[in-house]
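Heads up, the thing below is written out as structure tokens.
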Amino acid sequence: MPELPEVETVVRTLAPAIAGRRIESAQFTSKFVTPGDREALAANVAGRTVRGVRRHGKFILIELDEGSTLSVHLGMTGRLLVNSAKTAHTYGVFRLDDQSVLHYDDPRQFGRIEWSPARVARLGPDALGIPLEAFLIALRKRSSRIKPLLLNQSFLAGLGNIYVDEALFRAGIRPLAIASRVSRKRAMDLHAAIQELLTLAIAHGGSSISDYVDADGKKGGFQNLHQVYGREGEPCVRCGAPIRKTVVVQRGTHYCAKCQKS
DNA sequence: TGGAATGTTCGGCT
DNA sequence: AAGCCGAACATTCC
């Protein structure tokens, strides 16, 4: 479910529901989602008050008392839902002091709920708001292919498979182009494309491809505005040529062979 | 039935 | 040493 726009939408819908609330109790029931001592984690969370909810890349950071932070990564199919019905894949339950309940659901269990994990510290700058110059300098230093690089969360945090394909299309760059060899002009276009794309996607509540919903259970609408992702064989919105689909680093990759250059 | 799905990590190799 | 690649994690859906 989750790339930066979806995670941001979850944060925005979650924050008003839980900020200022005291967590009466927590319960975790998946050894994958909550590795290690689940009961200790639950005990640590219980009794604390939610000071705020933030995001870095695809991580949701729930700030608790005394500067402590609970991090939630939604993986592929994770959901944080306020006052939803429990399902067969509910692996986290938070009871709040206003009698509301926050559920963490995740069929594939690729998501993680952890206490200030080290991997948050290893994240690169957030994709939304990275300064142009910093982006240009970082790109010039890398000899790897542009798509894998943009998917690398320690390089840039927040983009995933959908938004990388969409951003590269908007900037006219092939997914396999070498990062350091992208012209300054196209690199500037890519930076602008990423900012515009993420901003627009957030305004539409994110993309609901299969089962993404926000904390209130509402779907996003940005999937209707995708220009290449999920449009294999359909005409390019710019030139009319059919959108192609290949595999790059084990991920489905969509692009227009005519509009995107190496 | 096999393959693909919005993600990340790890081991092995170069 | 850094970077690339494939496999693995668990489940659902077509």
Side-chain angles (χ1 to χ4, degrees), chain A residues 1-11 29-36 55-60 71-80 87-92 104-114 117-124 127-128 138-139 141-168 175-181 194 197-198 201-202 204-214 219-233 245-254:
Chain A
M1 105 185 211
E3 297 182 37
L4 189 153
E6 292 75 41
V7 176
E8 177 66 23
T9 303
V10 170
V11 167
T29 50
S30 166
K31 63 176 176 176
F32 301 104
V33 172
T34 40
R55 176 192 63 73
H56 186 172
K58 304 172 190 172
F59 283 83
I60 295 164
S71 88
V72 180
H73 192 295
L74 301 172
M76 289 277 248
T77 54
R79 294 174 162 187
L80 276 171
T87 73
H89 298 292
T90 298
Y91 298 113
Y104 179 79
D105 294 3
D106 190 355
R108 287 175 73 176
Q109 300 175 71
F110 279 6
R112 296 288 180 270
I113 300 175
E114 296 167 283
R119 51 199 198 123
V120 172
R122 290 197 292 266
L123 290 175
L128 186 59
L139 261 199
K141 283 195 271 201
R142 298 300 197 109
S143 59
S144 63
R145 312 269 185 187
I146 190 77
K147 173 158 181 173
L149 184 62
L150 294 177
L151 286 173
N152 181 345
Q153 301 298 298
S154 59
F155 176 76
L156 187 66
L159 296 182
N161 203 38
I162 294 175
Y163 295 100
V164 165
D165 281 6
E166 293 294 319
L168 290 174
L176 290 179
I178 302 298
S180 59
R181 288 198 236 151
I194 290 170
L197 178 66
L198 295 177
I202 291 168
H204 285 265
S207 301
S208 289
I209 290 304
S210 64
D211 56 3
Y212 161 73
V213 291
D214 67 20
K219 291 189 175 200
F222 194 66
Q223 65 280 2
N224 300 318
L225 297 177
H226 289 171
Q227 299 182 323
V228 288
Y229 186 88
R231 296 194 64 243
E232 181 188 11
K245 183 177 181 186
T246 59
V247 175
V248 174
V249 282
Q250 306 174 89
R251 311 303 301 275
T253 297
H254 315 71

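Lettering follows sequence order; numbering is per chain, from 1. Model, not experiment: these values are computed from the prediction.
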Check: How many Å lie between CG on Leu198(A) and P on dT6(B), as a whole number?
Finding: 17 Å

Next item on the list: Round to a whole Å and report the spacing from CZ of Arg251(A) to C1' of dA8(C).
Entry: 14 Å

Checklist line | 4.5 Å side-chain heavy-atom contact, Leu74(A) and Asp106(A) | finding: no

Checklist line | Note, Lys219(A) side chain near Val213(A) side chain (heavy atom, < 4.5 Å) | finding: yes

I'd like a list of close polar pairs between nucleotides 9-14 of chain B and the protein, N/O only, cut-off under 3.5 Å.
residue : atom : partner   : partner atom : Å
dT9(B)  : OP1  : Arg119(A) : NH1          : 3.3

Note to self: Under 4.0 Å, counting only non-hydrogen atoms across every strand here, what does Gly111(A) touch: a base, just sugar-phosphate, or nothing?
What the structure shows: nothing

Note to self: Are Leu168(A) and Val228(A) packed together at the side-chain level, in the sense that at least one heavy-atom pair is separated by less than 4.5 angstrom?
What the structure shows: no

Next item on the list: Would you kindly give the CD1-to-C1' distance between Ile162(A) and dG7(B), to the nearest whole Å?
Entry: 12 Å

Notebook entry, point to check: Leu128(A) versus Ile202(A): any side-chain heavy-atom pair under 4.5 Å?
Noted result: yes

Next item on the list: Take the protein atom NE2 of His73(A) and the nucleotide atom C1' of dT8(B), then report the distance between them rounded to whole Å.
Entry: 7 Å

Note to self: Please give the distance between the P atoms of dG3(B) and dG6(C) as a whole number of Å.
What the structure shows: 16 Å

Notebook entry, point to check: Using 30° and 60° as the class limits, which term best fits the ring planes of His226(A) and Tyr163(A): parallel, tilted or perpendicular?
Noted result: perpendicular

Next item on the list: Taking the side chain as every heavy atom from C-beta outward, state whether Leu4(A) and Leu159(A) have any atom pair closer than 4.5 Å.
Entry: no

Note to self: Wobble G-U and Watson-Crick pairs count when both distances are under 3.5 Å; given that, what is the 5' to 3' dot-bracket string of DNA chain B, with | for pairing to other strands?
What the structure shows: .||||.||||||||

Check: Any side-chain donor paired with an acceptor under 3.5 Å for Tyr212(A) and Glu3(A)?
Finding: no

Margin query: So, does Lys58(A) get its side chain near the phosphate of dG7(B), meaning an N or O under 4.0 Å from OP1 or OP2?
Written below: yes

Notebook entry, point to check: Does Lys147(A) place a side-chain N or O at less than 4.0 Å from the phosphate oxygens OP1/OP2 of dC4(C)?
Noted result: no

Margin query: When you compare the side chain of Asp165(A) with that of Lys147(A), does any pair of heavy atoms fall below 4.5 Å?
Written below: yes

Protein N or O to nucleotides 9-11 of chain C N or O, pairs below 3.5 Å:
residue : atom : partner   : partner atom : Å
dA10(C) : O4'  : Arg108(A) : O            : 3.1
dA10(C) : O3'  : Gln109(A) : NE2          : 3.3
dA10(C) : N1   : Arg108(A) : NE           : 2.9
dA10(C) : N1   : Arg108(A) : NH2          : 2.6
dA10(C) : N3   : Arg108(A) : NE           : 3.3
dT11(C) : OP1  : Gln109(A) : NE2          : 3.3

Notebook entry, point to check: What distance do Ile162(A) atom CD1 and Leu197(A) atom CG have between them, rounded to the nearest 0.5 Å?
Noted result: 10.0 Å

Checklist line | C1' spacing across the pair dT6(B) / dC4(C), given as an integer number of angstrom | finding: 23 Å

Check: Would you call Arg112(A) and Pro35(A) a side-chain contact if the rule is heavy atoms closer than 4.5 Å?
Finding: yes

Item checked: Note, Phe59(A) side chain near Arg119(A) side chain (heavy atom, < 4.5 Å) -> yes

Item checked: Separation of atom CG in Leu150(A) from atom P in dC4(C), rounded to whole Å -> 13 Å

